[in-house]
Asks: 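I am attaching a structure below and will ask some questions about it afterwards.
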Amino acid sequence: MPVQISIPSPGESITEVVIGPWQKSSGEWVEKDEIIVEIESDKVTLEVPAPESGVLQVLAEEGAEKQVGEVIATVDPSAERPAGAAATKVAAQGAPGSAPEATVVSTDSADNKVTSVARKLAADKGVDLARIEGSGPSGRITKSDVLAAADLQTKAPSDGAVTPTSLVSAASQSPIVGTVPAGSREVQRQRMSKLRQRIAERLVAAQHTAAMLTTFNEADMSAVMRLRKRHKQEFEKKHGVGLGFMSFFVHACTAALQHFPRVNAYIDGNEVEYHDYVDISVAIGTDKGLVVPVLRNAETMSFADVERTIKELASRARDGKLTLEEMTGGTFTISNGGVYGSLLSTPILNPPQSAILGMHKITKRPIEDHDNPGQIVLRPMMYLALSYDHRIVDGEQAVKFLIHIKDSIESPQRMLLGL
């Protein structure tokens, strides 16, 4: 009797999903636990595995909107396995006289570093996995890496020379962007993903429901840059992760939030909900849209903990592996538009949070030397923007909050001393 495959629940409050690309077609043999389709909700993307080995029958087309619990496919485990559909390959026998031994070998040279979806996609598109540098956790090759590689192969010269670095860098490109003939007036339409629709709804809602205001300041990054340059090699050697700017800003924000608890609070009806912990959401851009995974209890984390956790969350975000729990419950958000070259912006609140910090590009600008008044020097400066809900945070508090962050960045020893 065929085994039904129904849509699992991606998380609480999610009732509808969109069917993604099927990795197998109706009538094909699938192995137990083999990923056969992706489902996309407004918050997360999940891979659905086959519950049993057997012949697949697809009941829902790619792009269809379905409710959680609906049956989208069946697998017939009683069907006969077709020739050539073995799950593993068997190595050649050993030397004459030795007992024959079946050795399971992988389907490619880095089986443990390739997702099953990526492997199937690579086979369909003729992409050599050995030439791809994975962007997932521990160098794992993901679907987006294979799609980027396939895109480059179609654009590469006839000699096929494509570098692994270029394969990775292309992963973030939009799938509808390419080489368009001059003078072309074609129009392309692409369905908005559930995630993009949800992002749009939340951003518009934030502007309609909050009394949003933005205050600006600037920070001299000289001290942080000197400290980072002096200790980054030793830091990476000891902790196994690079020392970036985000850990400094997370610690600066954590200290400021503890000094100004209203910035770390929510408005809930006619009440203000204060938090005695700091859960910082970190905005991460992916090819599917912006996601904001959360650093839980950031006030207890070391610099190494922050860098390690952000790196892991960023990899999981780009690979579409973040869970709903990892993206909910933050009390404050940090968004770093500077990595894209932004000089100044007004970030939008992430409801129900009351504030968000925007980091920007570091640029050398002439400023007055604090140690030698009247002297003009060139310093690496970063504009900082704090958007906040004026219903709960007064302007004076917001300005002082941002100055606290500025002081912590310009004098990092303040964070060590708990100031």
Side-chain angles (χ1 to χ4, degrees), residues 112-113 133-140 164-165 168-169 218-259 277-285 293-319 326 332-341 357-365 367 369-371 377-384 404-419:
N112 63 330
K113 289 192 174 184
E133 180 181 337
S135 62
S138 302
R140 193 169 175 82
T165 302
V168 174
S169 63
E218 60 181 352
D220 183 347
M221 299 293 292
S222 300
V224 166
M225 293 175 74
R226 283 195 302 266
L227 186 61
R228 180 170 175 262
K229 182 178 180 180
R230 183 181 305 165
H231 299 291
K232 66 177 182 180
Q233 290 184 347
E234 186 179 359
F235 183 92
E236 185 169 3
K237 183 178 179 181
K238 179 176 181 178
H239 299 292
V241 66
L243 178 60
F245 293 124
M246 281 300 295
S247 52
F248 289 94
F249 278 94
V250 167
H251 275 264
C253 288
T254 297
L257 289 166
Q258 291 173 325
H259 277 80
Y277 54 87
V278 176
D279 286 353
I280 294 186
S281 304
V282 180
I284 297 174
V294 181
L295 303 178
R296 306 287 179 189
N297 288 108
E299 75 279 4
T300 67
M301 301 177 76
S302 66
F303 275 66
D305 291 335
V306 171
E307 294 292 353
R308 193 180 298 112
T309 305
I310 290 178
K311 181 180 179 181
E312 180 182 349
L313 290 172
S315 295
R316 288 169 56 76
R318 286 189 288 268
D319 203 19
E326 289 173 318
F332 182 81
T333 296
I334 300 177
S335 178
N336 185 5
V339 297
Y340 305 110
L357 177 74
M359 299 166 55
H360 298 92
K361 179 181 178 182
I362 300 173
T363 305
K364 285 188 176 181
R365 294 198 298 273
I367 65 168
D369 190 347
H370 299 302
D371 298 327
V377 293
L378 277 179
R379 293 288 174 79
M381 305 297 294
M382 177 190 286
Y383 285 125
L384 302 176
H404 195 288
I405 294 175
K406 167 187 169 70
D407 291 342
S408 296
I409 294 300
E410 294 185 341
S411 302
Q413 61 270 23
R414 291 175 57 89
M415 291 183 277
L416 178 64
L417 298 174
L419 300 177

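Basis for what follows: all heavy atoms, side chains included, without hydrogens, waters or symmetry-related copies.
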Asks: Which heavy atom of Leu313 sits nearest a heavy atom of Val294, and at what distance?
Replies: CD1-O, 4.0 Å
Asks: Can you measure from CG (Leu243) to NZ (Lys232) and round to the nearest 0.5 angstrom?
Replies: 9.5 Å
Asks: Donor-acceptor pair, distance only, cut-off 3.5 Å: does the side chain of Glu307 make one with the backbone of Gly244?
Replies: yes
Asks: Please report the interatomic distance CD(Glu299) to CD1(Ile280), rounded to the nearest 0.5 Å.
Replies: 9.0 Å
Asks: Please check if atom OH in Tyr383 has more than 12 non-hydrogen atoms from other residues, nucleotides or ligands closer than 6.0 Å.
Replies: no
Asks: For the residue pair Val241 and Ala304, what are the closest heavy atoms and their distance?
Replies: CG1-O, 4.2 Å
Asks: Determine whether Ser247 and Val250 make a side-chain contact, defined as any pair of heavy atoms from C-beta on separated by less than 4.5 Å.
Replies: no
Asks: Atom CG of Leu416 and atom NE2 of His251: how far apart are they, to the nearest 0.5 Å?
Replies: 10.5 Å
Asks: To the nearest 0.5 angstrom, please state how far the CE atom of Met225 sits from the CE atom of Met382.
Replies: 9.0 Å
Asks: Which value, rounded to the nearest 0.5 Å, describes the distance between Arg318 atom CZ and Ile284 atom CD1?
Replies: 7.0 Å
Asks: Hey, does Phe245 have a side-chain heavy atom less than 4.5 Å from the side chain of Asn336?
Replies: no
Asks: Count the heavy atoms of every other residue, nucleotide or ligand shown that sit under 6.0 Å from CD of Glu234, and state whether that count exceeds 12.
Replies: no
Asks: Go through it in stages, so that I can follow the logic: the residues are Val278 and Phe332, the test is side chain to side chain contact (heavy atoms under 4.5 Å, CB included), and I'd like the CA-CA distance, side-chain angles, deciding distance and then a yes or no.
Replies: CA-CA 8 Å; Val278 176; Phe332 182 81; 5.6 Å; no
Asks: With rounding to the nearest 0.5 angstrom, report the CG to CG distance, Asp369 to Leu378.
Replies: 11.5 Å
Asks: Any ion pair linking Glu410 and Lys406 (charged N to carboxylate O, less than 4.0 Å)?
Replies: yes
Asks: Can any side-chain N or O of Asp220 pair as donor or acceptor with the backbone N or O of Met381 at less than 3.5 Å?
Replies: no
Asks: How far apart are the C-alpha atoms of Phe248 and Met221, what are their side-chain angles, what is the distance that settles it, and do they pass the side chain to side chain contact (heavy atoms under 4.5 Å, CB included) test?
Replies: CA-CA 11 Å; Phe248 289 94; Met221 299 293 292; over 6 Å; no
Asks: I'd like to know whether the aromatic ring centres of His239 and Phe235 sit less than 6.0 Å apart in this structure.
Replies: yes
Asks: Can you name the nearest heavy-atom pair linking Ala252 to Met415, along with the distance?
Replies: N-SD, 3.5 Å
